[in-house]
Amino acid sequence: MADFISRISVVCFAASYLVALACEASRLLFRSGVRGAVMVGFAGAGLLAHTLFLAWRAAHEPVVPLSSPYDWYLLAAWLLASASLWLTLANPRTPVGLFMLPLGLGRIGAAELSSTVPFPRSPATQVWGAIHGGFNLAASVAVAFGSSAGLMWLIQAGRLARKQAPSRLRMPSLEKLAGFTGRSARIAAWTAAAGFASGLVLNAVNSRQGLLDTVPWTDPVVLRMGALVAWLAVAALVGRAAARRPEGARTVAILSLVSLAVLTTSILWGVLG
């Protein structure tokens with residue numbers, strides 16, 4: 001069994017997610033009685049392989065487990081894939097995977113381009129590193145959830161405005177989608193701010209201990225994360241202020257997609273830069 005688990009690679013679960021996404025997209029083209037079972041089967045198999053892969057890395061890391069940028073991106077992808085499968089089972093007629101699986105696959109791609117070198121180690125940096133990474137992980141997932149709901153809102157609102165007949169894909173109500181998008185934006189802002197603040201503390205700890213991984217306060221990494229936090233805070237405040245207006249829900253939905261674009265740009269800047 002151990003030998004089997006050790007041979008699981010990123011390709012295994014990424015390919016399973018791709019097949020599940022293809023099955024989800026095919027719902028737009030034709031009906032099928034077995035497609036749902038195939039889609040859930042591949043998504044479940046991918047999630048199982050993903051879980052075993054992370055568990056194997058955690059058990060065989062020579063230092064603190066799952067402590068590199070590579071692992072954090074894979075954890076974000078795992079959370080998105082888990083949520084996608086759970087929501088698909090709970091709402092089989094809602095195309096959740098069509099919106100969330102691409103975001104999870106994007107995190108897997110970012111992981112493949114990221115460093116597998118663990119973060120610096122000391123008792124203090126282990127604690128603050130876990131806090132910093134945990135808050136950033138929560139912010140990333142919250143932005144992904146919010147943008148998925150925001151895109152669903154725009155599609156559903158456009159369909160209703162054009163008075164189109166109901167399609168094969170059932171969307172949640174506009175009220176539910178708007179509420180979820182707004183809550184996700186606020187969670188993303190708070191967790192990103194907490195992640196940035198804990199990152200500053202982590203950097204100060206590293207500086208005091210003389211670690212080589214200390215980041216200058218004017219480093220592009222700090223500036224990039226600061227700009228992301230500032231945007232998420234502005235998006236949350238503007239969305240909250242606009243929520244009571246007639247077009248407030250549309251504004252919140254558009255802001256959620258802009259937040260996803262800003263986050264994606266920040267990730268690409270960090271990974272490629």
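Just so it is clear, the structure is predicted and the values come from calculations on it, not from any experiment. Hydrogens, waters and symmetry mates play no part in the numbers below; they use all other heavy atoms, side chains included.
Nearest heavy-atom pair, Cys23 versus Ser26, reported as atom, atom and distance to 0.1 Å: O-OG, 2.6 Å. Residues Ala157 and Leu174 come closest through the heavy atom pair N-CD2, 3.7 Å. Nearest heavy atom pair, residue Ala142 against residue Ile187, reads CB-CG2, 4.0 Å. Smallest separation of non-hydrogen atoms from Gly104 and Ala77: O-CB, 3.4 Å. When all heavy atoms of Ser16 and Gly46 are compared, the pair lying nearest together is CB-CA, 3.5 Å. In terms of heavy-atom proximity, Ala139 sits nearest to Ala192 at CB-N, 3.7 Å.
In this structure, Leu48 is a member of the same hydrophobic cluster as Leu80, with clusters built from ILVMFWY side-chain heavy atoms closer than 4.5 Å. The same ILVMFWY cluster, assembled from side-chain heavy atoms under 4.5 Å apart, contains both Leu21 and Val96. With hydrophobic clusters built from ILVMFWY side chains whose heavy atoms lie under 4.5 angstrom apart, Ile254 shares a cluster with Val143. Both Leu98 and Ile108 belong to a common hydrophobic cluster when Ile, Leu, Val, Met, Phe, Trp and Tyr are linked at side-chain heavy-atom distances under 4.5 angstrom. Hydrophobic clustering of Ile, Leu, Val, Met, Phe, Trp and Tyr side chains at less than 4.5 Å, counting indirect connections, keeps Leu237 apart from Val234.
Distance check: Leu105 CG to Tyr17 OH gives 8.5 Å after rounding to the nearest 0.5 Å. Rounding to the nearest 0.5 Å gives a distance of 9.5 Å between CE of Met152 and OG1 of Thr181. Rounding to the nearest 0.5 angstrom, the gap separating the OG atom in Ser140 from the CH2 atom in Trp72 is 11.5 Å. In this structure, Thr51 OG1 and Ile8 CD1 are separated by 9.5 Å, a value rounded to the nearest 0.5 Å. Summarising the geometry, atom CG belonging to Leu74 is positioned 12.0 Å from atom CZ belonging to Arg107; distances are rounded to the nearest 0.5 Å. One finds the OG atom of Ser147 at 12.5 Å from the CG atom of Leu255 (value rounded to the nearest 0.5 Å).
Arg250 is listed as a side-chain neighbour of Leu154, based on a closest heavy-atom distance under 4.5 Å. The shortest distance between side-chain heavy atoms of Leu260 and Leu103 falls below 4.5 Å. No side-chain heavy atom of Leu263 sits under 4.5 Å from any side-chain heavy atom of Trp231. Residues Arg27 and Met39 are in side-chain contact: their nearest non-hydrogen atoms beyond the backbone lie under 4.5 Å apart. For the pair Leu101 and Glu24, the minimum side-chain heavy-atom distance is 4.5 Å or more. The shortest side-chain heavy-atom distance between Phe145 and Met100 falls under the 4.5 Å cut-off. For the pair Gln156 and Trp153, the minimum side-chain heavy-atom distance is 4.5 Å or more. In this structure, the side chains of Leu113 and Tyr73 stay at 4.5 Å or more apart for every pair of heavy atoms.
Remark: the backbone N or O of Ala14 is not paired with any side-chain donor or acceptor of His50 at under 3.5 angstrom. Although no hydrogens or angles enter the test, the distance criterion places no donor-acceptor pair under 3.5 Å between the side chain of Ser84 and the main chain of Ala81.
Side-chain heavy-atom separations under 4.5 angstrom define the hydrophobic clusters, and the remaining members of the one that includes Val19 are Val38, Phe42.
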- [ ] Dump the intermediate steps for side-chain contact (heavy atoms from CB on, under 4.5 Å) on Met225 and Asn136, then the final yes or no.
- [x] CA-CA 10 Å; Met225 294 304 298; Asn136 285 341; 4.0 Å; yes
- [ ] Go through Ser259 and Leu232 one step at a time and tell me if the side-chain contact (heavy atoms from CB on, under 4.5 Å) criterion holds.
- [x] CA-CA 7 Å; Ser259 295; Leu232 292 177; 3.9 Å; yes
Open item on the list: side-chain contact (heavy atoms from CB on, under 4.5 Å) for Val10 and Phe53? Distances and angles first, verdict last.
Closed with: CA-CA 8 Å; Val10 173; Phe53 180 85; 3.9 Å; yes
- [ ] Applying side-chain contact (heavy atoms from CB on, under 4.5 Å), run through His132 and Val201 and close with a yes or a no.
- [x] CA-CA 9 Å; His132 174 61; Val201 175; over 6 Å; no
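Enclosure of atom CH2 in Trp78 is not indicated, since only 12 or fewer non-hydrogen atoms of other residues, nucleotides or ligands lie within 6.0 angstrom. Counting non-hydrogen atoms of other residues, nucleotides and ligands closer than 6.0 Å to CZ of Arg186 gives a total above 12.
For the 3.5 Å distance criterion, the side chains of Arg245 and Thr251 fail to qualify, holding no donor opposite an acceptor.
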